[in-house]
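Just below is one structure, and these are the notes that go with it.
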Protein chains: 2
Amino acid sequence: MIGRLNHVAIAVPDLEAAAATYRDVLGADVKPPQAEPDHGVTVVFIELPNTKIELLTPLGDASPIRAFLDKNPSGGIHHVCYEVDDIIAARDRLKATGARVLGSGEPKIGAHGKPVLFLHPKDFNGTLVELEQA
Amino acid sequence: MIGRLNHVAIAVPDLEAAAATYRDVLGADVKPPQAEPDHGVTVVFIELPNTKIELLTPLGDASPIRAFLDKNPSGGIHHVCYEVDDIIAARDRLKATGARVLGSGEPKIGAHGKPVLFLHPKDFNGTLVELEQA
């Protein structure tokens with residue numbers, strides 16, 4: 001069911017510093033910051049030859065990554081995102097196995113403008129999993 | 001400097017259960033377990049179209065992932081691995097910027113039979129980074 005790894009998301013307390021590390025220390029292709037107010041984050045995409053890293057920092061008071069950064073003040077790997085062909089079929093298959101879909105269970109439009117869902121980390125080895133319709 | 005994302009490593013307390021989740025729930029291409037006694041882990045590779053997930057569980061008493069699982073008993077994302085063309089040149093460039101290379105600073109042969117180094121998470125936004133010579 002799952003296809004490509006769309007991205008790995010890393011939550012960071014200081015987006016500018018983290019972007020500079022990836023650009024200047026690791027020598028990666030780092031894009032400019034993008035505010036995503038609907039998702040409560042500002043994002044920097046790092047384009048690797050086969051996938052992306054997304055650096056995330058909170059935007060606004062209700063950011064979904066605030067609690068993670070409170071627990072991990074230096075930052076850390078927040079989630080992985082796998083592509084699926086049909087997000088409704090994927091959701092229904094997952095629910096049939098007992099896996100928990102976060103929120104209302106209805107896909108939202110994610111930071112790439114495509115439908116996404118998040119799955120409960122307790123059902124996936126402590127890993128927050130995002131599914132994105134490719 | 002960094003190239004492809006070679007893999008994302010996820011530490012898990014129960015390798016068989018985690019492999020079954022990726023195979024049966026997420027429908028991924030899951031390979032058989034491989035014991036890596038030199039690295040203190042047993043590994044299951046999950047082949048995605050563009051990269052790999054490595055599920056890791058401790059092997060032996062001195063496993064390098066034991067402390068992580070003590071802190072994260074359900075498991076969690078342990079590290080990301082980026083490919084580099086020349087690991088010695090990469091190491092020297094990193095050290096010149098002040099980034100800390102773990103261990104002796106000399107590359108070891110990793111689970112794929114290629115030279116690897118690990119970088120200090122405190123220098124990379126709380127993320128343990130492995131470099132592998134491609």
Side-chain angles (χ1 to χ4, degrees), chain A residues 1-15 17-19 21-29 46 48-53 55-57 68-69 72-80 82-84 90 93-94 96-99 119 121-129 131 134, chain B residues 1-15 17-19 21-29 46 48-53 55-57 68-69 72-80 82-84 90 93-94 96-99 119 121-129 131 134:
Chain A
M1 182 174 76
I2 58 170
R4 296 175 72 259
L5 178 75
N6 186 276
H7 62 268
V8 178
I10 300 176
V12 302
D14 180 338
L15 192 60
T21 296
Y22 268 84
R23 185 180 56 236
D24 303 333
V25 179
L26 291 174
D29 179 11
I46 297 163
L48 302 179
N50 60 332
T51 189
K52 289 189 294 281
I53 304 293
L55 303 176
L56 306 175
T57 209
F68 181 88
L69 281 172
N72 304 275
S74 309
I77 304 172
H78 184 262
H79 68 263
V80 289
Y82 301 122
E83 296 179 359
V84 293
R93 174 176 163 161
L94 286 161
T97 69
L119 309 179
K122 291 214 169 152
D123 296 332
F124 295 92
N125 322 289
T127 304
L128 180 60
V129 173
L131 297 181
Chain B
M1 183 175 74
I2 58 170
R4 295 175 72 257
L5 178 75
N6 185 276
H7 63 266
V8 178
I10 299 176
V12 301
D14 180 336
L15 192 58
T21 295
Y22 269 83
R23 185 180 57 238
D24 302 334
V25 178
L26 292 174
D29 180 10
I46 296 162
L48 302 179
N50 59 332
T51 188
K52 287 190 295 282
I53 304 295
L55 302 176
L56 306 174
T57 208
F68 180 89
L69 281 172
N72 305 276
S74 309
I77 303 173
H78 185 261
H79 67 264
V80 289
Y82 301 123
E83 296 179 0
V84 294
R93 171 174 167 166
L94 286 162
T97 69
L119 308 179
K122 291 212 171 153
D123 296 332
F124 295 93
N125 322 290
T127 302
L128 179 60
V129 173
L131 298 181

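A, B, ... follow the sequence lines: proteins, then strands. Residue 1 opens every chain.
Between B:Asp24 and A:Thr97, every side-chain heavy-atom pair lies at or beyond the 4.5 Å cut-off. The shortest distance between side-chain heavy atoms of B:Asn125 and A:Tyr22 falls below 4.5 Å.
Within the 4.5 angstrom heavy-atom criterion, atoms from both the backbone and the side chain of B:Leu5 approach chain A. Heavy atoms of B:Val25 lying under 4.5 Å from chain A belong to its backbone as well as its side chain.
Taking the side chain to side chain donor-acceptor pair (under 3.5 Å) definition, one finds that A:Asp29 meets it with A:Lys31, sequence neighbours left out. Residues satisfying the side chain to side chain donor-acceptor pair (under 3.5 Å) criterion with B:Asp123, sequence neighbours excluded, are B:Arg100.
Put simply, the side chain of B:Asn50 never gets that close to the backbone of A:Arg4: no donor and acceptor are under 3.5 Å apart.
Heavy-atom pairs under 4.5 Å with chain A peak, among B:Leu48, B:Asn72, B:Val129, B:Asp14, at B:Leu48. Interface remark: of the candidates A:Thr127, A:Leu94, A:Val8, A:Leu119, A:Thr127 forms the most heavy-atom pairs closer than 4.5 Å to chain B. Here A:Ser74 is the residue among A:Ser74, A:Ala28, A:Pro13, A:Ala17 with the most heavy-atom pairs under 4.5 Å with chain B. Each of A:Thr51, A:Leu128, A:Ile46, A:Ile77 has some count of heavy-atom pairs under 4.5 Å with chain B, and the biggest count is that of A:Ile77. Comparing B:Ile10, B:Leu55, B:Val84 by how many heavy-atom pairs each has under 4.5 Å with chain A, the most go to B:Ile10.
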